[in-house]
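Everything quoted here is computed from the prediction, not taken from an experiment. Positions are given from 1 along the sequence. Heavy atoms only: backbone and side chains are in, while hydrogens, waters and symmetry mates are out.
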Amino acid sequence: MGTSPPETLHPGAPSESPAVYRSQVKLGLSSWQPVPRFARLTALLVGVFQKTPGAVKLTFSVAPGRRQFTSHSVWRDSAAAQEFFKSPEHREAMRRAYAGMTDEFYVIHTGGKPFYNQRCPRCHVWTKGTAPSSRCSKCQAALPHHLRPLAHEAEAPGPEYGTI
């Protein structure tokens, strides 16, 4: 997989300033089969990101051996990020991506605590929290946990990731 430098949407915008809002989302794929569909959804969302006012920078990184994909985004402020995350295109892309995802993902935002989302393999209810849960909140089935431990704040990609 080739690497390329992260794209800056607005070259004059300071992406390293502590005043900006950062978001880091890690998703795991259940197998390699959904990768082409996931890549198409990612391309669609990059276009939406580029059109969102207040978007500064977006980088994707991948840990191929673990089938984990992470987006690192920088925004002018929280409202700009929420406009993107709540857009109909983003909601539809996430709905379609859920079919190929593992049973969990996590999100970290600037100033917030990380939160996990875990899907029960038995009843398919999502359990959310600031740490992985061991049991489903509805049926009490055991919840798998495949993702590596979290950083406690949104950060730049680590050396274990290749930038795509």
Kindly give the heavy-atom pair with the smallest separation between M94 and L27, and that separation in Å.
-> CE-CD2, 4.3 Å
Exam field: side chain R91 to backbone K86, donor-acceptor pair closer than 3.5 Å = yes
Which heavy atom in Q118 sits nearest to a heavy atom in S133, and how many Å separate them?
-> OE1-N, 2.6 Å
Could you label the plane-to-plane angle of the W75 and F84 rings as parallel, tilted or perpendicular, counting under 30° as parallel and over 60° as perpendicular?
-> tilted
Measure centre to centre between the rings of F69 and F38, then say whether the value is under 6.0 Å.
-> yes
Find the distance between OG1 (T127) and CZ (R135) and round it off to the nearest 0.5 Å.
-> 12.0 Å
Straight-line distance of S71 OG to F60 CZ, nearest 0.5 Å | 5.5 Å
Counterpart residues, side-chain hydrogen bond (donor to acceptor under 3.5 Å, both in side chains), relative to Q82 (two or more places apart) = none
Hydrophobic cluster membership, L44 vs V25, 4.5 Å side-chain cutoff = no
Q140 side chain vs C136 backbone, donor-acceptor pair below 3.5 Å | yes
Co-membership, hydrophobic cluster, residues V35 and L41, 4.5 Å side-chain | no
Using the test salt bridge (Lys or Arg N to Asp or Glu O under 4.0 Å), find all partners of E83 that sit at least two apart in sequence or belong to another chain.
-> none
Do side-chain atoms of S87 reach the backbone of H90 as a donor and acceptor pair under 3.5 angstrom?
-> yes
Quick one: which of Q24, H72, Q68 gives a side chain to side chain contact (heavy atoms under 4.5 Å, CB included) with S61?
-> H72
Close side-chain approach of C120 to W126, heavy-atom, < 4.5 Å | no
Answer yes or no: is there a side-chain heavy-atom contact under 4.5 Å between S73 and F49?
-> yes
Kindly say whether Q33 contributes a backbone atom to a donor-acceptor pair with the side chain of S31 at under 3.5 angstrom?
-> yes
Taking every non-hydrogen atom, the tightest pair across P53 and R76 | C-NH1, 4.2 Å
Distance col, row Y116:OH vs L143:CG, nearest 0.5 angstrom, shows 13.0 Å
CZ (R96) and CZ (R40) are apart, to the nearest 0.5 Å, by 8.0 Å
Value rounded to 0.5 Å, distance of CG in L45 from CD in Q50 | 11.5 Å
